[in-house]
Every structure is written in structure tokens, then in C-alpha cells.
Amino acid sequence: MNRGLNRFAILVACATFFLIIAGALVTSHDAGLATSDWPLSNGQVFPKMVGNLFWEHGHRMVATTVGMLTIVLLIYILAKEKRSWVRKLGVFALLAVIAQGLLGGLTVKLMLPLAVSSAHATLAQLFFCTTVSLAVFTSRSWIEARRLEEEKGVLPLRYLCTAALVTIFLQLILGATLRHSATWDQHLPVELILAHVGGAFAVTLALGSAVVTVLRRHKGEKFLTRPAMIALSLLVVQLFLGVATYLVRQASPNDPQPLNPMISVTVAHVACGALVFVSTIVLTLRTYRVLPATKLSSSSTDYTDYFIESV
Ligand code: HEM
Ligand code: HEM
């Protein structure tokens, strides 16, 4: 285990979280078209940071910094890391941040179309997921983790966690589509709100079942119970923030411009959504690390076990 590499991976993950907040601030200030220019801003590398350009160009600067950090992380990984799949994940992180930067440019050039803006918001979460995974894989607790007992339950915990993770990801896509389908001065489409609220129920059910199962089957194992409790607490906060986001959004079309508390509450909802997602990723990865899969049939092949054990 290389402590320096792990610390650097944590730094990149934290910087990515900050970047997600910076991006959400662009959307909430309705600053996406503060300049319709890209890659320059109003023909300049460094424009005067006035008005909405502060948010738009500021976001580009934070994104550039994260892009550079990702390059350094990849070099660090290639120099210190022996596991080939971690090296490949480092390459993937770089490709993802490049694609994300291009999508950001495209959304400006095409004047913020729903599909591109939602894809930009969704890929941001996937990139965050990648940097957090790199921090997990290079950590001491991952490398020194010991195998736990075969599960007694009918359904293997790792599948419950994977189901929760997929549900959350679908909910993030729904949230992004909802968010980008109306600006602050328009009402949000009712059918998308209903779908997103339905998604919140589905996430609560899926993540709730996974967490309860962790606590029932592996009570004393902090390696699993800690991320499980963090994910559940964040989900509770996220549900309250969701309702608050809806209420402040309802009032916003009457405002002369995007105002607080609409901006801060909505940005907090986006940021907390990202945290619910990554804490569930940490939990899910850890279940794959320490728990054997209960074979569904004697002929079934567990490729994940093969993958983890071949590391
Ligand atoms: C490279 C890493 C990048 C990441 C992780 C990232 C992330 C994000 C996130 C999370 C949002 C908020 C989405 C939301 O609130 O729904 C956002 C918005 C935005 N980003 Fe980025 N971004 C990146 C790069 C860029 C670049 C290079 C540009 C260049 C122009 C850009 C332009 C924008 C714009 C215009 C918005 C507002 C979109 C809208 O209001 O519809 N982003 N970004
Ligand atoms: C499992 C719980 C939830 C998660 C993980 C979640 C996640 C998200 C995310 C990530 C976004 C923004 C996506 C982006 O642009 O990147 C969003 C938007 C939104 N969510 Fe949720 N959400 C949840 C529950 C709720 C609930 C219960 C409500 C209540 C009605 C709600 C209302 C909204 C609204 C109104 C928006 C659009 C915000 C705007 O741009 O004004 N969410 N959600």
C-alpha cells in the first residue's frame, strides 16, 4: 500500500466534489450562457470575473484544475501501482474527465440543450464515482481487508447493494433531466417530478433494505456498517433537501432572478445526491471485497470473485 498515492487519490476525489458544487452553482445561477464562447471565454483566456461569468468561468477553472490533478494522479498510479486493473481505472478516469470537459464545451456551443446538459450532469457523477473508487482501491483498509463468513441469508448482500446503487444512479439521471428541463423562471414538468418522487421511494426501499441487511448480518464489522450508516444518514438528509428544493422551486418563477434560498438549497440537494451515490459505492465495493457470492446454481460462474481474487 502506498500512503502518498492514497492521500492523493482522496485529494482528487474531494476536488471533484468541490467541482460538482461549482457546476451546480452555474446551473442554479442560470449562468450557463454567461459566455457562449468555448474553449475561450468571450475570446479571452482569463476574462474579468464579473456577474454570471464568475460562476461560469470559475467552474471552468475548477474543472481545469481537476483535469490537471487527474493527469498527475494517473502518472502517480502508473509509477507506484502494480495492479493492472487499478492502472486501467486511472486511464479511464483521465478519459472520463476529458469527455466531461468536451461535453461541457458542447453544452455551451449548443446553448444548453436538455440532452447534453443532463449528460454533463450525469457524467459528472460517474467521474466522481471513479475518483472515489480509486481512493477506495488504494486504501489500507481495502488492501488489508479479511474475508468474512459465508452469508446465511437467501439473497447475497452484494446484490442488494448493487441494486441500491443502480437505483440511485437512475434517480440521479432523473434528477438531472428534471433540473435541466426548466430554468428557474419556469415551472418544472409535473410528470418528471412525479417520476423523481417515485424514484426517491425506490431508492429508500433499495438502500434501506441493503443497510438493514448489513446491520443484521454483519453487526460488528465497521468495514461494512460505517459506509452503510453514512449512506443511510445522507439519504435522510437528501429526502428533506428534496422536499425543500421542490418548495423553493415552486416560488422561484416569480423572482426577478435566481435568488437564495433557492440557489443554496438546490445546490445542496445536488451535492448531497452525489454523496449518497458515492457512499453507496464504497459500501458496495466493500461487500464485493469481503463477502463471497452465494452461488445461485452449482453451474453458475462468479466472474466478480474471479476478478477480485486475480488482483
Ligand atoms: C471536467 C470536469 C467537469 C465536471 C466534473 C463538471 C461538472 C458539472 C456539474 C456537476 C454541473 C452541474 C449540473 C447540474 O447542476 O445539474 C455542471 C454544469 C455546467 N458545466 Fe460543467 N463540469 C466539468 C467541466 C466543464 C467544462 C470544461 C465546461 C466548459 C464550458 C463546463 C460547462 C458547464 C456549464 C455551461 C454548466 C451549466 C449547464 C446548465 O446550466 O445547463 N463544464 N458541470
Ligand atoms: C433518493 C432521494 C433523492 C435523490 C438521490 C435525488 C437526487 C437529485 C439530483 C442529483 C438532482 C439534480 C441532478 C443534477 O442536475 O445533477 C435532483 C433534482 C431535483 N430533485 Fe431530487 N433527489 C431525491 C429526492 C427528491 C425528493 C424527495 C424531491 C421532492 C420533491 C426531489 C426534488 C427535486 C427537484 C425539484 C429537483 C430539481 C431541482 C432544480 O433544478 O430546481 N428530489 N435530485
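Counting from 1, the numbers follow the sequence of the chain as shown. All ligand and atom numbering here is 1-based and tracks the order in the structure.
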For ligand 2, is [X] a contact, meaning one of its heavy atoms is under 4.0 Å away?
X      : answer
Thr122 : no
Val270 : yes
Leu178 : yes

### Task
Please name the residue in the list Leu285, Val290, Val282 that meets the side chain to side chain contact (heavy atoms under 4.5 Å, CB included) test with Trp142.
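Of Leu285, Val290, Val282, side chain to side chain contact (heavy atoms under 4.5 Å, CB included) with Trp142 is met by Leu285 alone.
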For [X], counting its heavy atoms only, list the atoms of ligand 1 lying under 4.0 Å from any of them.
X      : result
Thr27  : 12 (C), 13 (C), 14 (C), 15 (O), 18 (C), 37 (C), 38 (C), 39 (C), 40 (O)
Gly32  : 35 (C)
Val97  : 1 (C)
Ala121 : 13 (C), 16 (O)
Trp38  : 29 (C), 30 (C)

Checking a contact table here: which protein heavy atom is nearest [atom], and how many Å away?
atom                    : answer
atom 2 (C) of ligand 1  : Gln100 CG, 3.4 Å
atom 24 (C) of ligand 1 : Ala63 CB, 3.5 Å
atom 16 (O) of ligand 1 : His180 NE2, 2.6 Å
atom 6 (C) of ligand 2  : Gln238 NE2, 3.1 Å
atom 36 (C) of ligand 1 : Val26 CG1, 3.8 Å
atom 33 (C) of ligand 2 : His196 CD2, 3.5 Å
atom 5 (C) of ligand 1  : Leu19 CD2, 3.3 Å
atom 30 (C) of ligand 1 : Arg60 NE, 3.2 Å
atom 9 (C) of ligand 1  : Gly23 CA, 3.7 Å
atom 31 (C) of ligand 1 : Gly104 CA, 3.5 Å
atom 15 (O) of ligand 2 : Arg179 CD, 2.9 Å

Indicate, as side chain, backbone, both or neither, the part of [X] found under 4.0 angstrom from ligand 2 when only non-hydrogen atoms are considered.
X      : answer
His269 : side chain
Ile193 : neither
Val197 : side chain

### Residue pair Ser28 / Arg179, side-chain donor-acceptor N/O under 3.5 Å
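Yes, a side-chain donor-acceptor pair sits under 3.5 Å.
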Heavy atoms of other groups near [X] [atom1], more than 12 under 6.0 Å:
X      : atom1 : result
Phe17  : CZ    : yes
Arg87  : CZ    : yes
Phe54  : CZ    : no
Met111 : CE    : no
Met68  : CE    : no

So, does [X] sit close enough to ligand 1 that a heavy atom of it is under 4.0 Å from the ligand?
X      : answer
Gln125 : no
Val108 : yes
Gly105 : yes

Say whether [X], considering both its backbone and side-chain N or O atoms, lies within less than 3.5 Å of an N or O atom on ligand 2.
X      : result
Thr245 : no
Tyr246 : no
Thr266 : no

Nearest non-hydrogen atom to [atom] belongs to which of [options]?
atom                    : options                        : answer
atom 41 (O) of ligand 2 : Arg249, Met262, Gln250, Gln171 : Arg249
atom 29 (C) of ligand 2 : Ala206, Gly242, Ala274         : Gly242
atom 11 (C) of ligand 2 : Ala24, Gly175, Gly199, Cys272  : Gly175

### Message
One pair to check against salt bridge (Lys or Arg N to Asp or Glu O under 4.0 Å): Glu221 and Arg286. What are the steps and the verdict?
### Response
CA-CA 11 Å; Glu221 294 295 338; Arg286 286 183 172 191; over 6 Å; no
### Message
Does the plane of the ring in His29 sit parallel, tilted or perpendicular to the ring in Trp55? Use 30° and 60° as the thresholds.
### Response
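His29 and Trp55: parallel rings.
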### Query
Can you tell me the N, O or S atom of His120 that's nearest atom 21 (Fe) of ligand 1?
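Closest N, O or S atom of His120 to atom 21 (Fe) of ligand 1: NE2.
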### Query
Ring centres of Phe277 and Phe169 under 6.0 Å apart?
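Yes; Phe169 has its ring centre under 6.0 Å from that of Phe277.
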### Query
Under 6.0 Å between the ring centres of His57 and Phe46?
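Yes, the ring of His57 comes within the 6.0 Å limit of the ring of Phe46, centre to centre.
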#### Entry: Leu235: numbered ligand 2 atoms lying under 4.0 Å from its heavy atoms
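Checking each atom against Leu235, I get 1 (C).
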### Query
Do Leu69 and Phe8 have side chains that get closer than 4.5 Å, going by heavy atoms?
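Result yes, sub-4.5 Å side-chain heavy-atom pair found.
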### Query
Of the non-hydrogen atoms in Pro47 and Ser41, which two are nearest, and what is the gap between them?
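Where Pro47 meets Ser41 most closely, the heavy atoms are CG-CB, 3.6 Å.
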### Message
Ignoring hydrogens, what is the shortest heavy-atom contact between Tyr246 and Ile193? Give both atom names and the distance.
### Response
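Taking every non-hydrogen atom into account, CE1-CD1, 3.6 Å.
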